[in-house]
Amino acid sequence: MPKLKFKRARSPSVERRDRKKKKKSKKKSKKSRHSHDDEEDKPYYRAPFIYDDDDPQVSAADDASERAWRDKLFDAMTEDQPDPFYTFYDEREEQTMDEDQYAAHIRDAMFRKRYAKEIEAEKARERARNKREKERDDAKRRLEEEIERERVRHEAMRKEQDQKKLEERVAATRTQYDQQWDELQRKIAQKSKIHKSDVPWPSLDPRRVSKHNVTRFLAAVSTKELRQVQLRYHPDKFLPRLKSAFEGKPNDWEWIREKDHEVASWLNDLWTARSS
């Protein structure tokens, strides 16, 4: 069975001492609370601000001046290193847009800013493609120019060769023509018989007397020589002298007479063109 403990009675002096201790403790606690309230009323320490915009004590004039300076600095930085977002932003354009257009404009600018590297890479590829196409076009143009120059050169060589052959042919034909003309004059002077084959014509091809052949045959002669040939085949002089000694079929004489009129007409045209 547990032992019972009896509380001993306290003496009056001990109770008075305990009461004093409690009063002192209450006063100390109350004083502590008052001191804490006084500290809350006092201004506390304020750390310095990094930016003036965070300091509410900055004046409005200083704030406006600082903002203007920062805007100017931002514009200068944008010009040096343009930002894709701000590069495509235009305040005037914004004022003329409705909400959908402005939203699309902002999305496009944000897209360009987000994928700036990809867009720049695509532009670089496009520039490379354009450069390759330009090089191909330039190479093709140079090749075509070279082919054209070669064609012109061959054409000039061909014309030169044709002209040389023509001159050689004209020289040979001219020699034959002069011999045949001298023989015709000898027969007329001796009153010998003249046939159709004895009559010479100023043609590059004596078998085909045409305006083209007559023109080519007389192209290189001088004006004096052209005038002599023109007078030589004048119908009023050439046909009477030839008819007195001609011997052959009537059809042959008619052909000679018609051909002489044609040659005289062609010679007149050449003389007119040469004189003008």
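Starting from 1, each residue takes its place in the sequence as its number. Side chains included, hydrogens not; waters and symmetry mates left out as well; all remaining heavy atoms used.
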Study note, to complete from the structure: In short, W181 meets P200 closest at the heavy-atom pair CE3-CG, 3.5 Å
**Study point:** Heavy-atom closest contact (S210 atom, S203 atom, distance)
**Key:** N-OG, 4.3 Å
Exercise for review: Before giving the answer on side-chain contact (heavy atoms from CB on, under 4.5 Å), spell out for L204 and R169 the whole-Å C-alpha distance, their side-chain angles and the decisive distance to 0.1 Å.
Suggested key: CA-CA 8 Å; L204 186 62; R169 184 179 178 184; 3.9 Å; yes
Review point. Below 4.0 angstrom, N of the basic side chain to O of the carboxylate: do R125 and E122 qualify?
Key: yes
Revision key, fill the gap. Taken in chain and number order and not counting sequence neighbours, the residues that satisfy side chain to side chain contact (heavy atoms under 4.5 Å, CB included) with S192 are K187, Q190
Exercise for review: Could you tell me the separation between the CG atom of L143 and the CZ atom of R136, rounded to the nearest 0.5 Å?
Suggested key: 14.5 Å
Practice item. Evaluate the ring planes of Y115 and F111, with Trp represented by its six-membered ring, and classify them as parallel (under 30°), tilted (30 to 60°) or perpendicular (over 60°). Key: tilted
Review point. Would you call E144-R141 a salt bridge at under 4.0 Å N-O?
Key: no
Review point. Rounded to the nearest 0.5 Å, what separation is found between the NE2 atom of H212 and the CG atom of D205?
Key: 10.5 Å
Review point. About how many Å separate CH2 of W266 and CG of L218, when rounded to the nearest 0.5 Å?
Key: 11.5 Å
Review point. Hey, is the main chain of N268 close enough, under 3.5 Å, to the side chain of T272 for a donor-acceptor pair?
Key: yes
Exercise for review: Is it possible for you to say whether V263 and L231 belong to one hydrophobic cluster, with membership spreading through side-chain heavy-atom contacts below 4.5 Å?
Suggested key: no
Study note, to complete from the structure: Residue set satisfying side chain to side chain contact (heavy atoms under 4.5 Å, CB included) with D236, at least two apart, ordered chain then number -> H234
**Study point:** Those residues that, when tested against R151, pass side-chain hydrogen bond (donor to acceptor under 3.5 Å, both in side chains) (two or more places apart)
**Key:** E148
Review point. Which atom names give the shortest non-hydrogen contact between L267 and V229, and what distance separates them?
Key: CD1-O, 3.6 Å
Practice item. May I ask you to test the D260-V199 pair for a side-chain heavy-atom distance under 4.5 Å? Key: no
Review point. Heavy-atom count around R129 CZ within 6.0 Å, excluding the residue itself: above 12?
Key: yes
**Study point:** Cation over ring face, K259 and W201, 6.0 Å, 45°
**Key:** no
Review point. Any ion pair linking R112 and E120 (charged N to carboxylate O, less than 4.0 Å)?
Key: no
Check your understanding: With distance as the sole criterion, is a donor-acceptor pair present between the side chains of R158 and Q161 under 3.5 Å?
Key -> no
Practice item. May I ask you to say whether R186 pairs ionically with D182, meaning some side-chain N is under 4.0 Å from a carboxylate O? Key: no
Check your understanding: So, are K140 and E135 salt-bridged, with charged N and O less than 4.0 Å apart?
Key -> no
Exercise for review: Applying side-chain hydrogen bond (donor to acceptor under 3.5 Å, both in side chains), name anything that partners E160, two or more places apart in sequence or on another chain.
Suggested key: none
Review point. Yes or no on side-chain contact (heavy atoms from CB on, under 4.5 Å) for D252 and H195, after CA distance, side-chain angles and deciding distance?
Key: CA-CA 8 Å; D252 293 341; H195 301 86; over 6 Å; no
Check your understanding: So how far is it from T215 OG1 to K211 NZ, rounded to the nearest 0.5 Å?
Key -> 6.5 Å
Review point. Between H105 and Q101, do the side chains contain an N or O donor and an N or O acceptor separated by less than 3.5 Å?
Key: no
**Study point:** Sidechain-backbone polar pair: N213 side chain, R208 backbone, donor-acceptor under 3.5 Å
**Key:** yes
Exercise for review: Report yes if the side chains of Y102 and E99 come closer than 4.5 Å at any heavy-atom pair, otherwise no.
Suggested key: no
**Study point:** Exam field: side chain S244 to backbone R241, donor-acceptor pair closer than 3.5 Å
**Key:** yes
Practice item. Could you list the residues that satisfy side-chain hydrogen bond (donor to acceptor under 3.5 Å, both in side chains) with Q180, not counting sequence neighbours? Key: none
Practice item. State whether E146 and R149 are salt-bridged, where the test is any N-O pair (Lys NZ or Arg NE/NH1/NH2 against Asp/Glu carboxylate O) under 4.0 Å. Key: yes
Review point. Among D137, N130, D138, whose side chain to side chain donor-acceptor pair (under 3.5 Å) with K134 holds?
Key: D138
Practice item. Output yes when a side-chain donor or acceptor of D198 lies under 3.5 Å from a complementary backbone atom of I194, and no otherwise. Key: no
Check your understanding: Hey, what do you get for CZ (R274) to OG1 (T223), rounding to the nearest 0.5 Å?
Key -> 4.5 Å
Exercise for review: Sequence neighbours left out, what passes side chain to side chain contact (heavy atoms under 4.5 Å, CB included) with S222? Give chain and number order.
Suggested key: K224, E225
**Study point:** Gap separating the NZ atom of K196 from the CG atom of N251, nearest 0.5 angstrom
**Key:** 9.0 Å
Review point. Where do K123 and E126 land on the salt bridge (charged side-chain N to carboxylate O under 4.0 Å, His left out) test, with the steps shown first?
Key: CA-CA 5 Å; K123 290 182 179 179; E126 182 66 21; over 6 Å; no
Check your understanding: Which word best sums up how the rings of W253 and F246 line up, parallel for under 30°, tilted for 30 to 60°, or perpendicular for over 60°?
Key -> tilted
Point to revise | Electrostatic pair E168:K165 at N-O distance under 4.0 angstrom | key: no
